[in-house]
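Comments concern the structure below.
First the proteins, then the strands, lettered A, B, ... as listed; each starts at 1.
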Amino acid sequence: MTQKAEFDQRVKQALDNPQLRRNFRVTMDGLMEKRDKAFPDKAFLEELRTIGANIRANALARQPELLEQLEANCTRNGIQVHWAETIEQANRIVLDIMERHHATRMIKGKSMVSEEMQMNHFLEAKGKSCVESDLGEYIIQLDNEAPSHIIAPAIHKSKQEVARLFKAKHPDIPYSEDIDTLTRSARQILRRKFHDAEIGLSGVNFAVAETGTLCLVENEGNGRLCTTVPPVHIAVTGIEKVVEKLADVPPLLKLLTRSATGQHITTYFNMISSPRKPGERDGPKEVHLVLLDNQRSRIYGDSELFDSLRCIRCGACMNHCPVYTRIGGHAYGPPIPGPIGSVIEPQKFGLENFGVLATASTLCGACGEACPVRIPLPKLLHRLRYEQVREDRTGATIGQGSQRSGKEALIWKLWSWIHATPLVYRSATRLASLFRNRIPNRIGPWSQVRTTPRIAPKSLHQLAREEGFKHE
Amino acid sequence: MNKARDNILARLRARSTEIPPVELDRGFRSPDWNRQQRIELFCKAMTSVRTEIHRVRASDWADRLAQLVKERKLNNLLYAPNGPLARQIEAAWRNGEALPELVSRTAELDEWKEELFFGIDAAITSTRGGIAEVGALILWPTPQEPRSFSLVPPIHIAVVKADQLHNTFADAIADENWQAGMPTNAVLISGPSKSADIEQTLAYGVHGPVELIVLLIE
Ligand code: SF4
């Protein structure tokens, strides 16, 4: 099956599920409203977005130096830094650390990079157990699913579905559809896991070069538990997460939490700068930082697509996307859905595999307007549409030109020739008007959901002449 | 893995187009709130995230603490016997009656993890201050008051001095020059643990403390 046919099938499945559509509609409406309320002063919002965009752009402009600085400062603080070009390397690094400690039990905080690495899958095949502890991630792990939203991973499930799932997996816990009770059950189940885990794994929201500090944003406390209780903490992150100074963090944090959930700050903002020091009585004795490239340095090489690396993963672009709201996260395929996923993921996995995602947009512009770091998402989606049909193949994107079809190219050549040749153009419009009633009512996919356009009896040129306009 | 490192850095440096440096304004403009405004804002913001706030005096906060834990009928309270709050807590307990047992553990966590996870009802810690704008506590845990105190037990009680409230997070960093030396762990706490992962409905007490109680010394 072609990537388009597969994508269409996933979309159809999602659209045919009324429960799913209701869940996404209600949640996205709620999240949009919360963001709106969190920024009552729109002038302030615009100013803050500019600051955020500049901070991220600045960090990217100096990325190689900042990564070296981050590494030097982390190392000085006692954090062990590892570099991985591919997800295989990154998984291998994590596995090696576990083996060195004879560890089999890992407890995980939320990490989209670990999803990108398919780490659970990899480690479980090696006999390790990986338990997701973020409530949403835990729920979908029970059901063997992938996240459908980067902030609210289990948002496609109703409380009834969660209740049935808990009952099936933990028969000893009484059935309940009450959200508070379900939440407390998860607390109970996972408490023991936190206590017993030998390895805690987390992502990173910002890595501060100046101080060698890893920052984590969360509400549940599971992130703090994962990074405090087990004897070893492994943080995995993409290389683009580095920022220059500690002073860069407050404006980004403000943008992140308000854009994501409308919170002025999350319950916990955790800053980790070293493993347990002599005399300290808790905290991991070892902290590892795994810096993952996986095509990011390649994206970095393109002066336009490069802007997508500014992303702080707030999810606002998906919350505001009319396509995402209707089809939900699973329809997209790769780990990160929505507009930013449609920009980043095809660049990581290749346009020949996921280029079709760039067409999953109406180009209405809502994502670009919502993005707290002003990533020009519509422009980048457009650019990827071009990348997959470009002829020269001299760009940096994997799978460029892979969707180019001779027929389509020929049609466009013809189209532009007609439009650039006045005589031909005039006779073409005259012919089209003449045969306007001969156009069939059904013209392929276009007319499946739209009425077929009718050509006017007179062209605009003709009308203008009749109205007495002198110059065309 | 040094090869990976070199390859990544080389690819990043191979960029053909120079990226112009950005003129950076970090938006650092502190609001001109006075002490009283800071207190009011802090209390309002913290209350809005379900924190119980008690405004107390330096002389009597420990008595209020004793009263609070008694009302809640807790079995025990974890505290740091050589921490900054110890003297007053111990004095209040000497005078009080029928109070929950005061628990002090000075061993490494590994030696009493089971008890901390399943046997402690509440813990009390000091703080390094708070942030008025968003309503958050600042904690830089110490060997005396380890980071798990504010994290593992179901109730966390925190003592905050009103004089240590900052207007904003950016202010806290700048005023105290944090970049000169970050501790092993620093954490901002705004309310009890919560999750909205099921139907975006807020539920409290998922993994961290179920309740957060703040004693604000004015
Ligand atoms: S692209 Fe922008 S809006 Fe989308 S997740 Fe990233 S930062 Fe948020």
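A:Arg281 has no carboxylate O lying under 4.0 Å from a charged side-chain N of B:Glu145, or vice versa, which leaves the two without a salt bridge. For B:Asp197 and A:Lys110, the salt-bridge test fails: no basic side-chain N is under 4.0 Å from an acidic carboxylate O.
The greatest number of non-hydrogen atom pairs below 4.5 Å with chain A, out of B:Thr106, B:Leu9, B:Leu151, B:Leu116, is found for B:Leu151. Considering only heavy-atom pairs separated by less than 4.5 Å from chain A, the leading option among B:Ser190, B:Pro192, B:Ala10 is B:Ser190. Ranked by heavy-atom pairs under 4.5 Å with chain B, the first of A:His149, A:Gln63, A:Glu68, A:Glu210 is A:Glu68. Taking chain A as the reference chain and counting heavy-atom pairs below 4.5 Å, the highest number among B:Thr201, B:Val187, B:Thr142 is found for B:Val187. Between chain A and the residues B:Val210, B:Leu212, B:Ile131, B:Thr168, the largest count of heavy-atom pairs under 4.5 Å involves B:Val210. Contact count versus chain B (heavy atoms, under 4.5 Å) is highest, among A:Gly223, A:Ala247, A:Ala186, A:Pro231, for A:Ala247. Highest contact tally toward chain A, considering only B:Pro209, B:Ser150, B:Ala136, is held by B:Ser150 [criterion: heavy-atom pairs under 4.5 Å]. Between chain A and the options B:Ile8, B:Leu137, B:Asn7, the largest number of non-hydrogen pairs under 4.5 Å is found for B:Ile8. The choice from A:Thr50, A:Val229, A:Ile239, A:Val81 that makes the most heavy-atom pairs within less than 4.5 Å of chain B is A:Val229. The choice from A:Gln263, A:Arg298, A:Arg192, A:His264 that makes the most heavy-atom pairs within less than 4.5 Å of chain B is A:Arg192.
A:Asp293 places a side-chain heavy atom less than 4.5 Å from the side chain of B:Arg11. With contacts defined as side-chain heavy-atom distances shorter than 4.5 Å, the pair B:Glu199/A:Gln160 qualifies. Contact annotation: the side chain of A:Arg187 approaches that of B:Pro154 to within less than 4.5 Å [non-hydrogen atoms, C-beta and beyond]. Two residues are said to be in side-chain contact when any heavy atoms from C-beta on lie closer than 4.5 Å; A:Tyr268 and B:Ser193 meet this criterion. The side-chain heavy atoms of B:His207 and A:Glu218, taken from C-beta on, include no pair separated by under 4.5 Å. Using a 4.5 Å heavy-atom cutoff, the side chains of A:Arg224 and B:Ile189 are in contact. Within the 4.5 Å cutoff, side-chain heavy atoms of A:Leu67 are placed close to those of B:Leu12. Put simply, the side chain of A:Ile155 reaches to within 4.5 Å of the side chain of B:Gln200, judged on heavy atoms.
For chain B, the nearby parts of A:Leu135 are the backbone and the side chain; heavy atoms of each come within less than 4.5 Å. Only the backbone of B:Gln144 comes within less than 4.5 Å of a heavy atom in chain A; its side chain stays farther off. With a 4.5 Å cut-off on non-hydrogen atoms, A:Thr266 touches chain B through its backbone but not through its side chain. Only the backbone of B:Tyr204 comes within contact range of chain A, with at least one heavy atom under 4.5 Å from a heavy atom of that chain. Contact of A:Thr213 with chain B is made through the side chain alone, with heavy-atom distances under 4.5 Å. Neither the backbone nor the side chain of A:Leu252 comes within contact range of chain B; no heavy atom of the residue lies under 4.5 Å from a heavy atom of that chain. For A:Arg22, no part lies under 4.5 angstrom from a heavy atom of chain B. With a 4.5 Å cut-off on non-hydrogen atoms, A:Val287 does not touch chain B at all. The parts of A:Glu65 that come within reach of chain B are both its backbone and its side chain, each placing non-hydrogen atoms under 4.5 angstrom from that chain. Residue contact with chain B, scored on non-hydrogen atoms closer than 4.5 Å, involves the side chain of A:Pro251 exclusively. Contact of A:Ile79 with chain B is not made at all, since no heavy-atom distance falls under 4.5 Å. Both the backbone and the side chain of A:Thr228 come within contact range of chain B, with heavy atoms under 4.5 Å apart. Interface remark: A:Arg296 contributes no atoms to any contact with chain B (heavy atom separation under 4.5 Å). Residue B:Val49 does not touch chain A at all, counting heavy-atom pairs closer than 4.5 Å. Heavy-atom distances place the side chain of A:Leu31, and not its backbone, under 4.5 Å from chain B. Proximity to chain B is absent for every atom of A:Leu216, based on heavy atoms less than 4.5 angstrom apart. Within the 4.5 angstrom heavy-atom criterion, only backbone atoms of B:Ala107 (N, CA, C, O) approach chain A. Only the backbone of A:Lys157 comes within less than 4.5 Å of a heavy atom of chain B; no side-chain atom from C-beta onward does.
Using a distance-only test at 3.5 Å, with no hydrogens or angles considered, a donor-acceptor pair links the side chain of A:Asp282 to the main chain of B:Ser148. Side-chain atoms of A:Lys159 do not come within 3.5 Å of backbone N or O of B:Ile198 as any donor-acceptor pair. Listed for the A:Glu220 side chain is no donor-acceptor partner under 3.5 Å among the backbone atoms of B:Ser195.
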Between B:Val152 and A:Arg191, does the side-chain contact (heavy atoms from CB on, under 4.5 Å) criterion hold? Intermediate values first, please. CA-CA 9 Å; B:Val152 179; A:Arg191 210 108 266 253; 3.8 Å; yes
List the steps and the verdict of side-chain contact (heavy atoms from CB on, under 4.5 Å) for A:Thr211 and B:Trp178. CA-CA 9 Å; A:Thr211 54; B:Trp178 284 19; over 6 Å; no
When you look at B:Gln179 and A:Val208, which way does the side-chain contact (heavy atoms from CB on, under 4.5 Å) test go after all the steps? CA-CA 10 Å; B:Gln179 62 277 8; A:Val208 184; over 6 Å; no
Show your reasoning for whether side-chain contact (heavy atoms from CB on, under 4.5 Å) applies to B:Arg15 and A:Ser303. CA-CA 9 Å; B:Arg15 255 188 85 101; A:Ser303 52; 3.7 Å; yes
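When all heavy atoms of B:Thr184 and A:Ser274 are compared, the closest pair comes out as CG2-O, 3.2 Å. The minimum heavy-atom distance linking A:Glu280 with B:Pro143 is given by the pair CG-CG, 4.2 Å. Shown here for B:Pro183 and A:Ser273, the closest heavy-atom pair between the two residues is O-CB, 3.4 Å.
Summarising the local packing, CD of A:Gln188 is surrounded by 12 or fewer heavy atoms from other residues, nucleotides or ligands at distances under 6.0 Å. By the neighbour-count criterion of 12 heavy atoms within 6.0 Å, atom NZ of B:Lys44 is sparsely surrounded, having that number or fewer from other residues, nucleotides or ligands. The number of heavy atoms from other shown groups lying within 6.0 Å of CZ (B:Arg87) does not exceed 12. The neighbour count for B:Lys113 NZ, taken as heavy atoms of other residues, nucleotides or ligands under 6.0 Å away, is above 12. Counting heavy-atom neighbours within 6.0 Å of B:Asn34 CG, excluding the residue itself, gives a total above 12.
Ring planes of B:Phe117 and A:His195: perpendicular class, angle over 60° (limits at 30 and 60°).
How far CD1 of A:Ile272 is from CZ of B:Arg147: 6.0 Å, rounded to the nearest 0.5 Å. Distance check, rounded to the nearest 0.5 Å: CG of B:Asp110 to CZ of A:Arg276 gives 5.0 Å. Here the straight-line distance linking atom CG of A:Asn77 with atom CE of B:Met182 works out to 10.0 Å at 0.5 Å rounding.
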